[in-house]
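Here is the structure we will look at.
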Amino acid sequence: MDSGETWEQVITPLLTIDKSIFALKEYNGVLYASVQSLGILTSQNLGQSWKSFYVFGNYGSILVDGDNIYIANRNTSGISVSNNSGGTWTELAGGIGNAFISALTKYNNKIYAGGNDKLFESSDNGQTWLEINIPDIQSYGINSMLGDVSGLYITIDHTVQVASGNLDDWEIVFEGDFIQRMGKIGENIFLPTFSKYYIGSSPQYDWQVEELPNFTGTVWDIEEVNGKTILATSKGILVREANTNQWMSKNTGLNGLLVNDMGSYQDQLLAGTSSGLRIYNPTENAWSSVLGQFPENNQLDIRDVEVVGGRVIVSTGQTLYSYDFLNAGNWKLEVELGYRTN
């Protein structure tokens with residue numbers, strides 16, 4: 001303690017969990033994340049902190065190919081590309097027209113873009129595109145793609161199909177769950193879906209399923225960096241160390257909440273934010289929603305937090321609520337619009 005001469009961050013930033021991370025890509029140790037309503041963010045420390053990279057839109061798939069970065073717009077048709085590592089951006093349209101693009105990948109030195117009812121191929125870094133015919137694509141569309149030495153993988157409906165060479169013959173190698181996005185770690189192909197993912201490899205494709213314990217969100221994408229497996233989910237980033245089965249939340253820096261005030265009760269830290277009250281538990285090293293039944297689904301703008309004895313009192317500017325830690329129950333409305341209710 002030195003009266004404010006120096007500072008140390010002791011609690012990781014507090015985040016919301018209502019923003020999906022649609023896509024996650026790694027290149028030279030940098031993570032690129034496509035985040036709902038926030039555009040593209042980057043992290044150079046395995047998700048510990050993030051900064052805005054490209055915010056003009058709501059984007060899905062990301063393809064990083066050296067200095068060339070391609071991103072597909074989820075709200076409109078088209079692809080944005082940067083040929084200088086994000087310095088400047090242009091919209092690609094030649095040959096794509098108004099097709100909705102949801103997936104991007106590279107295979108055999110060509111760029112592939114897939115969407116609702118079409119698959120496109122480009123041999124000049126996206127300047128011009130040629131449409132590729134695939135059976136069943138008109139009925140279901142492409143959800144995701146993965147380019148690999150063993151072939152080009154696409155997901156159509158609840159199947160994963162692969163073709164190689166000139167993409168003349170397609171083989172179904174997985175059939176079952178709806179696959180959000182595909183990833184490759186070592187020799188294994190990963191198929192994320194809801195609260196689990198499948199692992200398999202060419203050419204047998206003996207798919208094994210791995211569940212995520214106590215996870216109720218959706219797994220959107222998967223990457224590996226420095227031996228760590230990283231999942232992009234509807235509830236932020238999850239990281240697993242090599243040779244372990246324990247997943248750790250790494251939401252730090254993504255969509256940070258405005259923290260208006262803080263308080264504490266015993267070993268619990270309370271944070272009043274622009275979107276409700278959160279509690280930090282040091283034992284679990286994680287933030288959670290409030291105890292008991294909190295009003296408005298815990299979406300109130302909490303301006304002040306005070307702890308008196310065993311009670312916490314919060315203010316929204318127009319109302320006061322209290323909660324009794326000693327006699328756990330529900331939150332109680334104390335004051336509303338300037339008048340007392342009891």
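Quick note: numbers below take in every heavy atom, side chains included, and nothing from hydrogens, waters or symmetry partners.
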How would you list, by chain and number, every residue that makes a salt bridge (Lys or Arg N to Asp or Glu O under 4.0 Å) with Asp177, sequence neighbours excluded?
Lys196
Measuring from atom CD1 of Ile189 to atom CD1 of Ile222, what distance do you get when rounded to the nearest 0.5 angstrom?
12.0 Å
Heavy-atom side-chain proximity of Ser61 to Met145 below 4.5 angstrom:
no
Hey, what do you get for CH2 (Trp129) to CD1 (Ile111), rounding to the nearest 0.5 Å?
6.5 Å
Working note: Val305 + Val314, criterion side-chain contact (heavy atoms from CB on, under 4.5 Å); need CA distance, chi angles, decisive distance, verdict.
CA-CA 5 Å; Val305 179; Val314 300; 4.2 Å; yes
Walk me through whether Val81 and Thr90 qualify under side-chain contact (heavy atoms from CB on, under 4.5 Å).
CA-CA 6 Å; Val81 62; Thr90 57; 3.4 Å; yes
Apart from Phe194 itself, its cluster of hydrophobic side chains linked below 4.5 Å comprises Phe178
ring-ring contact (aromatic ring centres under 6.0 Å, His included) partners for Tyr112, two or more places apart
none
For residues 145-155, pull every pair meeting salt bridge (Lys or Arg N to Asp or Glu O under 4.0 Å), keeping only residues two or more places apart or in separate chains.
Asp148-Lys184
Going by heavy atoms in the side chains, are Ile134 and Ile156 under 4.5 Å from each other?
yes
Just wondering, more than 12 heavy atoms not from Asn84 lying within 6.0 Å of its CG?
yes
Once salt bridge (Lys or Arg N to Asp or Glu O under 4.0 Å) is applied, do any residues pair with Glu241, and if so which ones, sequence neighbours excluded?
Lys228
Same hydrophobic cluster for Val160 and Leu146, using side-chain heavy-atom links shorter than 4.5 Å among ILVMFWY?
yes
Does the side chain of Ile199 reach to within under 4.5 Å of the side chain of Phe190, using non-hydrogen atoms?
yes
Considering non-hydrogen atoms only, spot the tightest contact between Thr88 and Ser82 and give its length.
O-OG, 2.9 Å
Set of ring-ring contact (aromatic ring centres under 6.0 Å, His included) partners for Tyr198, sequence neighbours left out:
Phe174
Non-hydrogen atoms of Ala33 and Leu24 that approach each other most closely
CB-CD1, 4.1 Å
Validation row: His158, Glu175 side chains within 4.5 angstrom (heavy atoms):
no
Hydrophobic cluster membership, with links at side-chain heavy-atom distances under 4.5 Å among I/L/V/M/F/W/Y: are Ile185 and Tyr205 in one?
no
More than 12 heavy atoms from other groups under 6.0 Å of CG on Asp124:
yes
Side-chain contact, heavy-atom cut-off 4.5 Å: Ile101 with Phe120?
yes
With sequence neighbours left out, the residues meeting side chain to side chain contact (heavy atoms under 4.5 Å, CB included) with Asn125 are Asn68, Tyr70
Do Leu152 and Ile142 land in one hydrophobic cluster if side-chain heavy atoms of ILVMFWY residues count as linked below 4.5 Å?
yes
Who are the side chain to side chain donor-acceptor pair (under 3.5 Å) partners of Ser322, not counting sequence neighbours?
Arg311, Glu334
Heavy atoms of other groups near Asp169 CG, more than 12 under 6.0 Å
no
Would you say Thr193 and Ile179 make side-chain contact, with heavy atoms under 4.5 Å?
yes
Note: Asn143 and Ala103 closest approach over all heavy atoms is O-CB, 4.0 Å
Side-chain contact, heavy-atom cut-off 4.5 Å: Ile154 with Trp170?
yes
Counting N and O atoms only, with roles assigned by atom type, does the side chain of Ser80 sit under 3.5 Å from a partner on the main chain of Ile71, one being a donor and the other an acceptor?
no
Do Val162 and Leu191 share a hydrophobic cluster, counting only Ile, Leu, Val, Met, Phe, Trp and Tyr and linking them when any side-chain heavy atoms are less than 4.5 Å apart?
yes
Within the 4.5 Å heavy-atom criterion, are Leu231 and Leu212 side-chain neighbours or not?
yes
Partners passing salt bridge (Lys or Arg N to Asp or Glu O under 4.0 Å) against Glu121 (at least two apart in sequence or in another chain):
Lys110
Partner set under ring-ring contact (aromatic ring centres under 6.0 Å, His included) for Tyr153, not counting sequence neighbours
none
Going from OG on Ser102 to CZ on Arg181, what distance comes out if it is rounded to the nearest 0.5 angstrom?
7.0 Å
Backbone N/O of Asp304 and side chain of Ser315: donor-acceptor pair under 3.5 Å
no
Give the cluster check for Trp207 versus Tyr197: same hydrophobic cluster or not, with ILVMFWY residues linked at side-chain heavy-atom distances below 4.5 Å.
no
Counting only heavy atoms not in Glu187, do more than 12 fall under 6.0 Å of its CD?
no
Which value, rounded to the nearest 0.5 Å, describes the distance between Lys106 atom NZ and Ser122 atom OG?
10.5 Å
Pairwise distance OG(Ser34) to CG(Asp221) - rounded to 0.5 angstrom:
9.5 Å
Can you name the ring-ring contact (aromatic ring centres under 6.0 Å, His included) partners of Tyr32, sequence neighbours left out?
Phe53
Those residues that, when tested against Glu171, pass salt bridge (Lys or Arg N to Asp or Glu O under 4.0 Å) (two or more places apart)
none
Say you draw a straight line from OG1 of Thr319 to CD1 of Ile302; how long is it, rounded to the nearest 0.5 Å?
7.0 Å
